There are 2 protein chains.
Amino acid sequence: MKQPNICPKFEQAISLLSKRWTGLVIYQLLNGTQRFNELQSAIGVSGKVLSDRLKDLEQQGIVHREVIPDTPVIIQYSLTTKGQSMQSIIQSIESWSQDWIKPE
Amino acid sequence: MKQPNICPKFEQAISLLSKRWTGLVIYQLLNGTQRFNELQSAIGVSGKVLSDRLKDLEQQGIVHREVIPDTPVIIQYSLTTKGQSMQSIIQSIESWSQDWIKPE
DNA sequence: ATCACTAAGTTACTTTATGTAACCAACTAT
DNA sequence: ATAGTTGGTTACATAAAGTAACTTAGTGAT
């Protein structure tokens with residue numbers, strides 16, 4: 001056993017990002033506040049899983065959910081400070097992908 | 001539709017990292033060459049899925065698999081240059097996690 | 001009033017991914 | 001001959017994700 005235990009903070013961060021769609025939701029919200037349907041059609045995820053992910057992320061303090069009592073009601077999702085701080089991660093993935101992923 | 005299509009390179013990179021265990025496998029291999037069983041016990045993944053992931057990563061040119069005809073045969077997994085270049089991503093996740101994930 | 005429509009989900013059901021544990025081949029040491 | 005090792009694979013069980021229909025509350029059109 002070379003590494004009997006991996007840093008739990010790192011492990012938690014990785015497990016967050018290892019969930020399908022998490023990265024794209026954050027990426028999308030880095031462009032600003034968005035509504036449920038906007039997110040759904042922008043990233044092509046099912047309503048069910050988007051709903052799950054947004055709950056996860058809200059619970060982790062990464063996403064903020066705001067109910068605006070317009071009619072019909074508007075629900076806006078945005079990143080908290082913690083969520084915005086993940087831009088550094090998204091950036092590094094983005095720049096790596098530009099350098100190393102070949103087209104088609 | 002705000003963003004009808006996300007950059008395909010970025011999307012591919014994200015989909016790679018969104019697969020369970022991928023991040024930890026790369027993290028682990030950043031410490032140097034490792035054998036199948038070492039990886040397995042270090043990150044606590046089942047042999048089946050580890051086998052799948054290593055095949056994926058090999059096929060993506062991220063991991064190199066080397067057979068050493070010792071007895072019993074030794075199989076060493078290591079990162080290619082492309083794989084090593086992902087250190088920047090792992091780093092950013094690591095440093096974010098130190099700043100923002102609170103313990104327990 | 002009745003019908004159709006919208007946003008933001010939820011529900012029931014199907015398909016895919018992951019986990020578990022047993023097994024295998026080729027060899028070695030006892 | 002028997003047991004042990006590495007690097008897997010296989011069959012079966014459970015969890016996660018996809019699909020499509022449905023819901024609730026309100027609005028506007030007929």
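These numbers were taken from a predicted model, which means no experiment stands behind them. Within every chain, numbering begins at 1; the chains are lettered A, B, ... in the order of the sequence lines, protein sequences first and strands thereafter.
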Requested in this report: Would you check if there is a donor-acceptor pair between the side chains of B:Ser88 and A:Trp96 at a distance under 3.5 Å?
Outcome: no
Query raised in the report: Which value, rounded to the nearest 0.5 Å, describes the distance between A:Ile75 atom CD1 and A:Ile68 atom CD1?
Result: 9.5 Å
Requested in this report: Taking all heavy atoms of A:Gln98 and all of B:Cys7, pick out the closest pair and write down the distance.
Outcome: NE2-SG, 3.4 Å
**Report entry** Any A:Tyr77 side-chain nitrogen or oxygen under 4.0 Å from OP1 or OP2 of C:dA7
**Finding:** no
Report task. Could you work out which one of C:dT18, D:dG7, D:dA17 sits closest to the side chain of B:Phe36? Result -> D:dG7
Requested in this report: May I ask you to say what A:Ser51 touches in the nucleic acid, namely base, sugar-phosphate or nothing, with a heavy-atom cut-off under 4.0 Å?
Outcome: sugar-phosphate
**Report entry** Short side-chain N/O contact from B:Arg35 to OP1 or OP2 of D:dT6, under 4.0 Å
**Finding:** no
Query raised in the report: Rounded to the Å, how far apart are A:Asp70 CG and D:dG26 C1'?
Result: 11 Å
Query raised in the report: Looking only at side-chain N and O atoms, does A:Arg53 come under 4.0 Å of OP1 or OP2 in D:dA17?
Result: yes
Report task. Send over the distance from A:Leu50 CG to C:dA7 C1', rounded to a whole Å. Result -> 13 Å
Requested in this report: Scan A:Lys48 against the nucleic acid and name what it touches under 4.0 Å (heavy atoms): base, sugar-phosphate only, or nothing.
Outcome: base
Report summary line: note: A:Glu66, atom CD; C:dA7, atom P; distance rounded to Å ~ 19 Å
Query raised in the report: Which whole-number value in Å describes the distance from A:Glu38 CD to C:dT6 C1'?
Result: 14 Å
Query raised in the report: Less than 4.0 Å between a side-chain N and a carboxylate O, is that true for A:Asp56 and A:Arg53?
Result: yes
Query - Euclidean distance, atom NZ of residue A:Lys19 to atom C1' of D:dG18 [Å, nearest integer] - result: 17 Å
Report task. Rounded off to whole Å, could you give me the CD1-to-C1' distance for the B:Ile75 and C:dC27 pair? Result -> 14 Å
Query - Expected output: side-chain B:Glu38 to main-chain B:Arg35 donor-acceptor under 3.5 Å - result: yes
Query - Nearest-Å distance for atom pair CD/P, residues A:Gln40 and C:dG9 - result: 10 Å
Query raised in the report: Say you draw a straight line from CG of A:Leu57 to CG of A:Leu79; how long is it, rounded to the nearest 0.5 Å?
Result: 9.0 Å
Requested in this report: Let me know, please, whether A:Ile74 or A:Arg20 comes out on the 5' side of the other along DNA chain C by nearest nucleotide.
Outcome: A:Ile74
Query - A:Arg65 side-chain N/O to C:dG9 phosphate OP1/OP2 under 4.0 Å - result: yes
Query raised in the report: So which one's nearest nucleotide on DNA chain C is more toward 5', A:Asn37 or A:Lys55?
Result: A:Asn37
Requested in this report: Would you kindly give the CG-to-C1' distance between A:Leu24 and D:dA17, to the nearest whole Å?
Outcome: 15 Å
**Report entry** Terminal axes of the helix from C:dA1-D:dT30 to C:dT30-D:dA1 (five pairs each): angle between them, nearest 10 degrees
**Finding:** 10°
Query raised in the report: Between CD of B:Gln60 and CG of B:Leu16, what distance do you get to the nearest 0.5 Å?
Result: 4.5 Å
